[in-house]
Amino acid sequence: MFFLTFVSLVELSAEVDKVDYHVIPMPKEVVVDSSNVFVLSDGMGLAYDASDEEICRNAQFLRQWVKEMTGIELNLTPNDKKAAVRMSLVALSEKEAYSLIVNGAGIQIYASDYAGLFRAAQTLRKSLPMVDAKKTGVSLPYVTVNDHPRFEYRGVLLDCGRHFFSVDFIKKFLDVMALHGCNQFHWHLTEDQGWRFEVKAYPSLAPMGSVRKETVIGPYKSGVYDGVPYGGYYTQEDCREIVRYAAERYINVVPEIDLPGHMQSALHVFPHLGCTGGPYPVRTTWGVSKEVLCGGNPETLVFLKTVLGELCDVFPSKYVHIGGDECRKHRWHECPKCQAKIKELGLVEDGKHEFSKEHQLQSYINREIEAFMKERGRDIIGWDEILEGGLSGSSIVMSWRGIKGGVAAAREGHRVIMSPNVYSYIDHPQLKETKNQPRTTDSYIVSASKVYSFEPLVPDDLTVEQQSLILGAQVNLWTEHVAYPNHAFYQLLPRLAASSEVQWCLPEQKDFEDFKVRLPRMEEIYDLMGVTYCSQIE
């Protein structure tokens, strides 16, 4: 259920220096009384429970954002019941639910949990005009905003395997995610082209596996290389710092160690874990490598469990992504060790796939890893290829090859995250005219309107019970052709704004033309944050 006093909102948005609660993502209920206003002035009090560290941090965030937007400085006045701005927890039915009320008594923010307080503070931030109002104050029309997210999983992937991004960049990336109400940062840490996670049990893995001798220029089959070594990895303390920073913004970090394919950077350091023994240079071009971990070598599972054990020590997330995509089976089909393991496990051709016994071998590895992670209280997520060869019930499927994998997984009783490439792969161009944007992956266009049009629940294909297994949706920023921060943010924005309404809003709330009207206020905040974005929208 949602309700908007639409005429009042149009009147308010007609002048950019007025408060406008018509934000992105759009709250579920906004009731405006534009005939009355509360004037927020410099020096007013901001009250909260001083004994609660998280509420205190949220109050400090709100104070910072109000100052950035308007120049107004609120005074932190803990436990002051008469303060103009007040934040507190109350009993609400939904997770991350909040109410934002402006009336004659001031601004009251109520939420069911700490994350809800943070979301409410962001809504107020996005409602304020970008003006210097320290002397004049800001007039806020009376309003009641009631809101909570549609989906529990609202994700963004950043691929740091192909190109390495600094800790400072990732913090800004998280700030942009938080602005849009996202709560899951899927951190792609390993690839054929670079291993980015420090593993103390294998001290040479990251230093050696993170460095490729050069990088292909242009299309991955161009045959032209830059001749410049490229590398970089995150220490475990770097990762813990990112986890802490994200948690303060109510974002969970979902780490990904892609297995058993996309592992050529690890094979470079440990060639005995491959089927042929190598050598395996860290891959210098894009595409999919035929070199994968040997499924019949018992040391493969020892290696994976050691890596994932340390990953669990660093990342508290209940979700850990194991990839599982694009694992070519040709080496396994030819490998005596893999064939011996297939015979030992009693795997037989089922006619479902070419190399179907080898697909089942990958499922054996997946189940071994899943059991290992279960012992540590973690659930694994895998790309939809993990369905091939069979899958146990507690695994979560991330559907990327369209929505069919997600539909099939939900029908089998698996939890699902929808991330279909044609709606969610924001490494692709967002404009029809390629000359008007940086060069990137170019096989198809993923415009902001295309992202916005996605509906994760596919009601025509799933029952209500099966729809309940869909945890949410995610956009993915792969970085084969995205090497620099400005380019990364250009690819992200404003498509993340479009995705945020897919993740947060009910389908009947969505209106792309109205979204475009609301977008300029977000662009003002992008400018304030110093992040690049595409100023055109299609």
Side-chain angles (χ1 to χ4, degrees), residues 24-25 151 153-159 161-163 173 176-177 180-182 184-186 188 218-220 286-288 325-326 383-384 398-407 416-458 470 472-505 507 510-513 515-516 519 522-523 526 531-538:
I24 295 174
F151 291 111
Y153 188 105
R154 306 181 301 279
V156 183
L157 174 145
L158 177 64
D159 167 20
R162 274 60 175 242
H163 281 104
F173 194 91
V176 171
M177 285 181 58
H180 294 84
C182 304
Q184 304 289 334
F185 174 50
H186 179 174
H188 190 78
Y220 79 96
W286 317 126
V288 181
D325 62 313
E326 300 174 328
W383 301 106
D384 55 55
M398 186 168 279
S399 188
W400 76 275
R401 296 177 299 178
I403 62 172
K404 290 183 179 179
V407 170
V416 174
I417 299 161
M418 287 293 194
S419 191
N421 53 349
V422 294
Y423 294 99
S424 303
Y425 275 36
I426 57 174
D427 54 310
H428 286 258
Q430 53 195 314
L431 304 174
K432 294 176 183 177
E433 290 293 334
T434 56
K435 65 182 180 181
N436 294 337
Q437 57 197 314
R439 181 185 179 88
T440 187
T441 310
D442 59 3
S443 52
Y444 49 86
I445 295 169
V446 182
S447 64
S449 60
K450 182 75 171 180
V451 174
Y452 196 86
S453 69
F454 179 52
E455 170 47 46
L457 289 191
V458 287
I470 298 178
Q474 177 171 292
V475 290
N476 303 318
L477 180 51
W478 302 104
T479 64
E480 286 94 334
H481 306 286
V482 180
Y484 303 104
N486 283 346
H487 190 183
F489 281 125
Y490 180 91
Q491 294 298 124
L492 185 69
L493 302 170
R495 287 184 288 188
L496 180 58
S499 177
S500 75
E501 298 222 330
V502 174
Q503 297 173 345
W504 189 278
C505 299
K510 291 169 58 185
D511 181 330
F512 188 66
E513 293 306 311
F515 168 80
K516 290 193 290 185
L519 187 57
M522 292 294 279
E523 292 176 338
Y526 300 159
V531 295
T532 308
Y533 57 92
C534 179
S535 59
Q536 296 176 258
I537 186 167
E538 295 179 353

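Note that this is a predicted model, so its numbers are computed, not measured. What's counted below: heavy atoms across the whole structure, side chains too, no hydrogens, waters or symmetry copies.
Taking the side chain as every heavy atom from C-beta outward, P25 and K510 never approach each other to under 4.5 Å. When side chains are defined from C-beta on, V156 counts as touching L492, because their heavy atoms get closer than 4.5 Å. Residues I403 and M418 meet the side-chain proximity criterion, which asks for heavy atoms closer than 4.5 Å. At least one side-chain heavy atom of L519 sits less than 4.5 Å from a side-chain heavy atom of I24. Taking 4.5 Å as the limit, every side-chain heavy atom of F173 sits out of range of all side-chain heavy atoms of V531.
Atom CD of residue Q491 and atom CG of residue N476 lie 13.0 Å apart, to the nearest 0.5 angstrom. In this structure, CD in Q437 is found 8.5 Å from NE2 in H487, a value given to the nearest 0.5 Å. With rounding to the nearest 0.5 Å, the separation of NE2 in H188 from NE2 in H186 is 7.0 Å.
Nearest heavy-atom pair across C534 and E523 is O-OE2, 4.4 Å. When every heavy atom of W286 is checked against every heavy atom of G218, the shortest pair comes out as NE1-O, 4.3 Å. Residues S399 and G406 approach most closely at OG-N, 2.9 Å, considering heavy atoms.
Summarising the local packing, OH of Y444 is surrounded by more than 12 heavy atoms from other residues, nucleotides or ligands at distances under 6.0 Å.
Side chain of R495 to main chain of I426: a donor-acceptor pair is present (N/O by atom type, distance under 3.5 Å, no hydrogens or angles).
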*Would you sort out whether I417 and Q184 count as a side chain to side chain contact (heavy atoms under 4.5 Å, CB included), showing the intermediate values?*
CA-CA 11 Å; I417 299 161; Q184 304 289 334; over 6 Å; no

*Passes side chain to side chain contact (heavy atoms under 4.5 Å, CB included), E480 versus Y220? Steps please.*
CA-CA 9 Å; E480 286 94 334; Y220 79 96; over 6 Å; no

*Check step by step if side chain to side chain contact (heavy atoms under 4.5 Å, CB included) holds for Q474 and S424.*
CA-CA 7 Å; Q474 177 171 292; S424 303; over 6 Å; no

_Assess the residue pair Y533 and L496 against the criterion (side chain to side chain contact (heavy atoms under 4.5 Å, CB included)); give the C-alpha distance rounded to whole Å, side-chain angles, the decisive distance to 0.1 Å, and a yes or no._
CA-CA 10 Å; Y533 57 92; L496 180 58; over 6 Å; no

*Take E501 and Y452 through the test side chain to side chain donor-acceptor pair (under 3.5 Å) and record every step on the way to the result.*
CA-CA 7 Å; E501 298 222 330; Y452 196 86; 2.7 Å; yes

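Contacts of V288 classified as side chain to side chain contact (heavy atoms under 4.5 Å, CB included), with partners at least two apart in sequence or in another chain: E326, R328.
With L493 as the partner, the side-chain contact (heavy atoms from CB on, under 4.5 Å) test is satisfied by one option alone out of M522, H180, Q430: H180.
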